[in-house]
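Data block below; observations after.
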Number of protein chains: 2
Amino acid sequence: MRATVLAAAKKLNYVPNPAARALSTNRSKTVAAIIPTIDHSVYAKYITAVEKTLSARGYTLVLAISNADAQMECDAAEKLIAMGAEAFILTGAKHSAALIDLLDRCAKPLVFTSVFDDQSAIPTIGYDNQALAKAAIAHLQEHGHRDIAVVYGSLAENDRTVTRLKGARMALGSADNTLFFEVDLSVEGGRRAAMEILNTDKRPSAILCFSDVLALGVMFLLQSQGIRIPLDISVMGFDNLDWSRQSYPSLTTIDLPASQMGAEAALQIMRRLEEDHPMSSLDLPAKIMRRGSVGPVRHRP
Amino acid sequence: MRATVLAAAKKLNYVPNPAARALSTNRSKTVAAIIPTIDHSVYAKYITAVEKTLSARGYTLVLAISNADAQMECDAAEKLIAMGAEAFILTGAKHSAALIDLLDRCAKPLVFTSVFDDQSAIPTIGYDNQALAKAAIAHLQEHGHRDIAVVYGSLAENDRTVTRLKGARMALGSADNTLFFEVDLSVEGGRRAAMEILNTDKRPSAILCFSDVLALGVMFLLQSQGIRIPLDISVMGFDNLDWSRQSYPSLTTIDLPASQMGAEAALQIMRRLEEDHPMSSLDLPAKIMRRGSVGPVRHRP
DNA sequence: CTGAAAGCGCTAACAG
DNA sequence: CTGTTAGCGCTTTCAG
């Protein structure tokens, strides 16, 4: 009987109307993610994993782009609620109080990604940015580097960068021979930072970038000035983007578990939605990729 | 009266239920886009523009990723229809007959992007890949290059690449000293192609890549071998990704109107949906960015 | 201009 | 196990 009806439905090309179903069940099977920009491999990878994981179980991802602006993020969230999003995946741990309050009042399940924080009241699925930055500095120090420059994108709307910076500062201790450069999170930003670095009195022997994108800009500029990497200056990145292994020289960097993070966030959200399973923070493994752009410090002539 | 109700609604935090509205009006205000991968700046930019344009007018983008697989694309479209997508934006002009048939039967408005084709029955919003490839070859020829290698990603599921290749072949005429390399569309692919190129008997004086991503891999490999760009070999890309101006040397490439394309596609879809305005193909301007990676041919010693 | 009611297509609860 | 029915929250139509 059931079979005959199903067969007839198939023959008639019947497709259930999702709006009617959503209205009746009060479930839209839609989850929202808001990312600062799609135009960065690290977000692209993570969102790809979210989309795959969600759609494999019949859920739909709706995506909004905040341009790293807290106000835009909040506006986007309102729209997404109005569109029927059942849960939210936000990038980073710092968001406008209005947004958190809104999601709380609407009782929308919520996860933060790209960070791991034990203390957070809201579950965080990501990595320990502070520890990773510390590890990066330690890696440079193991190679004898004492004069290190740190390059990063805007601190204003990016708490991951702030946390990494804190970690780097801790690892560096009271060494005040460290140079810090805040630039645009872009290849051009990296280039500019490197230009400034070359103009300083005491050139650092290593440059740590909080994104491979910045590191690429740094490498391009150093090469254009005939500076050898890592012989003259070592360069280290963050993200482990696709090209970083193939670059010349290959880039020493930190591999972030972007895909795993997206999949886990999606999974936890769905379990929360379906079985009311409580969500919990997750510290995903990241690791240093030791490659060719970091070498031992060379003593100056 | 109207005002008092509106005020009360605001005070009570009333949000219309989108599912009920969709059910009642038979309109979801949702449009679907399917792209091969999100992890390529050129798609990321175009999708960002689609999302912005759509959401500015109260529409929602639902995104699916096909991994450049016609079957996955078709499956994704079915899901998207079941989710209530009202119209579709597909990348490229080549899709499974089943998919086109499906969208036709469901009477879903449809546009193709990333290509412009006068002859297409379905509106195409993009650029003339064949003409652009011709122009690229011509640009190299103007610099005296006669021995040219062409590097591109998989032809199997990418009609833009096929069209570009056709254009390049036409511009090259009967010159059979041209080398063609089909590789993975990645930095690693570019690296491999460059390795092969260096191993050929008669090294070309210029390498044209149908993506900046490939060009980056080519440049990395040439540099690792101590080959000077453009002195020893010229390199040309396609896409004009962010970093291409900052690379060392800066990459001569073709600027594709990715953002404009996304915005136009979204706009036409919405006009079609709202005013039944017929959609029409659009040939958007692309142009050669003359930069540092292409130089005059040097006669061999 | 305001108020009442039907119905969009589905699910869930309940009756036979 | 099958068949019937109420109702999800909105829009639209029609009556007052």
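Protein chains get the first letters and strands the later ones, always in sequence-line order, with residue 1 at the start of each.
In the helix from C:dC1-D:dG16 to C:dG16-D:dC1, the rotation axis of the first five pairs and that of the last five pairs differ in direction by 50°, rounded to 10 degrees.
Qualifying side chain to side chain donor-acceptor pair (under 3.5 Å) partners for A:S186, counting only residues two or more places apart in sequence or in other chains: none. In this structure, A:E78 has no salt bridge (charged side-chain N to carboxylate O under 4.0 Å, His left out) partners at least two apart in sequence or on a different chain. Looking at residues two or more places apart in sequence or on another chain, you find no ring-ring contact (aromatic ring centres under 6.0 Å, His included) involving B:Y127. Partners of A:D118 according to the salt bridge (charged side-chain N to carboxylate O under 4.0 Å, His left out) rule, which considers only residues two or more places apart in sequence or in another chain, do not exist here. Considering only residues two or more places apart in sequence or on other chains, A:F88 meets the ring-ring contact (aromatic ring centres under 6.0 Å, His included) condition with none of them. Residues meeting the salt bridge (charged side-chain N to carboxylate O under 4.0 Å, His left out) test with A:D69, sequence neighbours left out: none. Annotation: ring-ring contact (aromatic ring centres under 6.0 Å, His included) contacts of A:F112 (sequence neighbours excluded): A:H95.
Sorted by first then second residue, the side chain to side chain donor-acceptor pair (under 3.5 Å) pairs that include residues 99-115 of chain A, not counting sequence neighbours, are A:Y46-A:T113, A:D101-A:R105.
Checking B:R160 against B:N129 by side-chain atom types alone, no donor-acceptor pair falls below 3.5 Å.
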Using distance only, find each side-chain donor-acceptor pair of residues 254-268 of chain A under 3.5 Å and give its atom names and separation, not counting sequence neighbours.
unit_1 : atom_1 : unit_2 : atom_2 : d
A:D255 : OD1    : A:N240 : ND2    : 2.7
A:Q268 : OE1    : A:S280 : N      : 2.9
A:Q268 : NE2    : A:S280 : O      : 3.0

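Contacts of residues 20-31 of chain A with DNA chain C (heavy atom under 4.0 Å): A:A20, A:R21, A:S24, A:T25. Near DNA chain D, meaning a heavy atom under 4.0 Å from it, residues 8-16 of chain A has no residue at all.
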